[in-house]
Each structure stands twice: as structure tokens, then as C-alpha cells.
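Heavy-atom basis, side chains included; hydrogens, waters and symmetry copies ignored. Remember, it's a predicted structure, so these values are computed and weren't measured experimentally. In the text below, chain A, chain B and the rest are named by the order of the sequence lines, each starting its count at 1.
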2 protein chains.
Amino acid sequence: MSPARTARALAREAITREILDSARARLSTDGAAALSLRAVARDVEMVSSAVYRYFPSRDALLTALLIESYDELGTAAEVADAGVADRSDVTARWLATFRAVRAWCVAHPGEFGLLYGTPVPGYAAPRDTVDPATRVVRVLIRIVGDGYAAGARPQVIPSAGATSGVASPPGTIAPALDFVAGHGLMEGAEPSDPELPETVRRAVMAWTELFGVISFELFGHQVGSIADPEAWLDEVALRLAADLGIRA
Amino acid sequence: MSPARTARALAREAITREILDSARARLSTDGAAALSLRAVARDVEMVSSAVYRYFPSRDALLTALLIESYDELGTAAEVADAGVADRSDVTARWLATFRAVRAWCVAHPGEFGLLYGTPVPGYAAPRDTVDPATRVVRVLIRIVGDGYAAGARPQVIPSAGATSGVASPPGTIAPALDFVAGHGLMEGAEPSDPELPETVRRAVMAWTELFGVISFELFGHQVGSIADPEAWLDEVALRLAADLGIRA
DNA sequence: ACCCTGGCAAGAGCGGTGCTCGCGTTTGTG
DNA sequence: CACAAACGCGAGCACCGCTCTTGCCAGGGT
């Protein structure tokens, strides 16, 4: 049954948890790049070398933090969307998701910096992190898809080459389309479906704007310009929904 | 009337330049947070303590890099906008500005990380940096303002409280409006002008999206989803212009 | 009930960091 | 010409991530 039956395994689990919590606390104060394994060791009252029994390197600890944080954020987005009873009210689902994502990021600025800030030099995130990292945008794609499936349409659909041949070649976001199809998002829609690219492009743009807003807020680019970040995000969410055409 | 007549002052200027260049080169490889004064000292073949004759601290060096980079980026944006001969072709000015900003950021990923990535822990940017930092968004505000002044209008103007009282209170971006008025952007428009808030709000949103796209590209959040970042930015720029209503 | 294997903490050591201080030298100026 | 300011150097302090070796002690096989 439970693989953690012995006292030894139980203690190991508890200490691992303690190390992760201390490391996440350190993220907020020192930043991801300066995450100090020694500082974490002091926090949990162990000698620095002892921590290496639990995480073979600082990079391994970073990876664990990365996956755990991406999962928390993704869960927050999914829970927020699922919490709207009226599934046809895409605007409410949209706003709830935006608010939940911002709320998590504001509550965990250190983790946000790790996820969406400057990459830690010398550290490359392993493949295990890309799936948790896409959970938020998947929620957005689903909401936009539901809205479009219900008949909503963007106000403006830029036609290819509308302005002197500057439109993107069709292959620009092809990998994203394959990803969406491969994950079974937007069931019934095939990669060749002309609706799919528009849905994905709009959702990816909104995803970018969402994290741009949060990034500017948390990284201090709004000081002196945005007085109320929370209200500003609401407004951005609603304007995006209107531009997307999914606003009720 | 060069103030650097003596050989000593000339040498000081040259060495200062050399230090700054080495530091900026290090930004791309090691990241801003790990910028090592000793490492740049080795690059310029000086003893670490000698560098302190030119920059009193690592933070001072960081500030110099910040201001220099913000100014370069701002100049790139201004030059790109000014380079469009037909001033009434706001779409061309818009696209040129977007492309120039991305081009600079892609060419200087280290500096971009310093400007828009995770803040360096323990370092707070002084006031001198906020004016250079706003040069890009000022260009965007001007273009949107020109477009609206010429009669263009957003397709959708969300009316306050259109969706169950979620609209932002009017004071949300009040500081930004004061800033625009104080800098004499959009001449003729007063803070009470109902056109001004819409212009600024749209420009700030576009500014956020622009840096969100670049941030995702440079920080590795597009791997596996966006095949052609350059084409993607073009598309985003044009879609934003269309949503803004300034597209020709 | 024994003993031995393996998880664990401790500590020394290596090379790196920001920064300070005292030294001798070079350079511009009164 | 002599004095003072600016300059480069090297040692040194306290910290960092990480490696390696040493010794302790609990668990499980016989």
C-alpha cells in the first residue's frame, strides 16, 4: 500500500516538504537566481551538505519548485473556471480565471518570478515542466473555444494580407495547433478546422496579455501609472473578452 | 569645448565605456542577478578593486546599465516611428515600432532581462530610471492618439458596468493620465478629455501585450507553440491595431 | 539475536562573490 | 617644480555553491 510506511520514509517525506517550503519562502526574498541551498539548510536547521541527501543539486530543487508552482497555478485557473456554475457564461468564466491567476501570482511573487521571470542562468528546465506550464493557457483555449462554439465571434478578423502582405504565414503557430489537437482540447475540432487557428491565436494573445499585466505589476513597471492593479486586471480581462467577441 | 581634454579624463571615459560594454556582454551570458563585478574586472584586465574607481558599487553599475539600455530601446522605438514618412499611416508606424522594439530586445536579450525580467534581489532602481523607461509607451500613446485624432475608433468600447459592475473605478489609471498630461503627450488633450483615458488605456494594454510577447519569446515560453516569433509579433501587432481601431 | 548494509549529519576544503583598506605610482595643476 | 588628486594593485573579510570524507545509527536479512 502506502510506500511510506516506515518511520524513515515518513521522516524523509516530512523533511522534503520542509525543504520545499523553505525554498519557496526564500524565492520571494532572494529571487530564484540567488536561491541559496545553504540558506535553505539554515532555515530547516540542517547542515548544508545534508540537504543534498534530499535533492542531488540546486537544479533539482529548482525543478521541483518549478513543477510544484506550475501545478498550483494551473489548478487555481482550472478550479476558478470550473467554479462558474453557468458554463455558457463565458465572460464570467473568463474573468474568474483571470482573477484567480493574478491572485495566485500576487500571493506567490517569488514563485511567479521563477516561472515567468528571467530564466535562471545555467539552468534549463527539463521536459517534465512543459506540461504543467501549459495548464493555464489550456483553460483559456477551452473558454474561447466554448464561446466561439456558442456562436460568438471576434469583432475583427484580420484577413491575410489586409495590410500590404504583413500577415503571418500559416505555419506560425502550427506547433500550438498540433499541441491543442494532441491534447484533445476543443473536442470535435480538427487541426484543419478553420475555427481552431482563430481560437488558439486569440487565446494565446490573451494569455500573453494576462501575464504581461501581472509581470508589469509584480516587477514594478506600473508604479506611478496604475493606481489599482486589481481593478486594472479586471478591465483588461473584460476588454480582451470584448475584443475576442466572447463577452456576453 | 570637450570637457575631456586631458589624457587622464580621456582614459577614464574609454575605460568606463569598456567596463559598461563588458558588463552588458556578461548580462547575456550570466544574467542580471549574477552580474559579477569581479568578472567584468577580469574581462577588462583589471583588478576587481580598480573597478570601484569607476563605479562605487555593483548597484551603481546596474543603474548605469539600466538607464543606458532603456535609452537605447526608447530611441529605437522613436526612430522607428519617426522613420515612417506618411505620418497619417498609423498602422505602418505601429508595426514599425513593434518590430523595432522586438528587434532591439532580441539583439540584446541580456539587457532585456535586466529591464523587464525578475528584479535583481536587493536592488531598487532609482528614480532616474523611470523617465527613460517610459519612452516606448509614450511612442505608442502618441500613435494611438494620432489615430484617434484622425477619426479612428475602437470597435468596442466597454461601457462601465456592462457586465454586472465589474468595470474599473475611474481612478484606476489616473496616475498614467496625469503622467501623459504632465509630459505634454497628446497636445491639446486635457486630463478631463474623455478621449484621453481611452487612448492611454488602449496604448498601455498594447504596450503590455508587446512586452508579454517578447518576454515569452526570450524567456522560452513559446518553445513548442510558436514556430516563427517574428511573424507572430507582426500578427499580434496587426490584430492589436485592428482591435484598437487604428488600422487603416 | 546478531551483524552489516545503507541512509544520514557533520565538517573541511575549493573556488567564487561584493567590498574595504593601505600601498606605491602616475598625472594634472597651482 | 612641488603638491595633491586620481589611479592600479594586492591582501583581506565574510559570504556563497558545491564536493568529498568521515563517522553515527537504525533496519532488515540470516
[X] [atom1] to [N] [atom2]: how many Å, rounded?
X: Ile19(B); N: dG18(C); atom1: CD1; atom2: C1'; result: 15 Å
X: Tyr123(B); N: dT17(C); atom1: OH; atom2: C1'; result: 19 Å
X: Glu18(A); N: dA9(C); atom1: CD; atom2: P; result: 11 Å
X: Leu10(B); N: dA6(D); atom1: CG; atom2: P; result: 17 Å
X: Phe55(B); N: dC19(C); atom1: CZ; atom2: C1'; result: 16 Å
X: Arg12(B); N: dC7(D); atom1: CZ; atom2: C1'; result: 9 Å
X: Asp59(A); N: dT19(D); atom1: CG; atom2: P; result: 10 Å
X: Arg42(B); N: dG16(C); atom1: CZ; atom2: C1'; result: 8 Å

Inter-residue atom distance Arg135(A).CZ - Thr75(A).OG1, 0.5 Å rounding: 3.5 Å
As a test of reading the structure: which of [options] is closest to the side chain of [X], going by heavy atoms?
X: Tyr52(B); options: dC9(D), dC19(C), dG16(C); answer: dC19(C)
X: Ser49(A); options: dC21(C), dC20(D), dT17(C); answer: dC20(D)
X: Leu37(B); options: dG10(D), dC19(C), dC16(D); answer: dC19(C)

What's [X] touching, base or sugar-phosphate or nothing? Going by heavy atoms closer than 4.0 Å.
X: Ile15(B); value: sugar-phosphate
X: Arg58(A); value: sugar-phosphate
X: Ala11(B); value: nothing
X: Tyr54(B); value: sugar-phosphate
X: Ser48(B); value: base
X: Ser36(B); value: sugar-phosphate

Going by an N to O cut-off under 4.0 Å, is there a salt bridge joining [X] and [Y]?
X: Glu68(B); Y: Arg24(B); answer: yes
X: Asp131(B); Y: Arg138(B); answer: yes
X: Asp81(A); Y: Arg142(A); answer: no
X: Glu230(A); Y: Arg99(A); answer: no
X: Arg239(A); Y: Glu235(A); answer: yes

Axial bend angle, the helix from dA1(C)-dT30(D) to dG30(C)-dC1(D): five-pair end segments, nearest 10°: 0°
Phe112(B) ring center near Trp104(B) ring center (under 6.0 Å): no
Nearest-nucleotide 5' precedence on DNA chain C, Arg53(B) against Leu35(B): Leu35(B)
Closest non-hydrogen atom pair, Phe211(A) against Tyr116(A): CE2-CE1, 3.3 Å
Presence of donor-acceptor pair under 3.5 Å, side chain of Arg38(B) and base of dG16(C): no
Upstream residue (5' side of DNA chain D) when Ala50(B) and Ala34(A) are each assigned their closest nucleotide: Ala50(B)
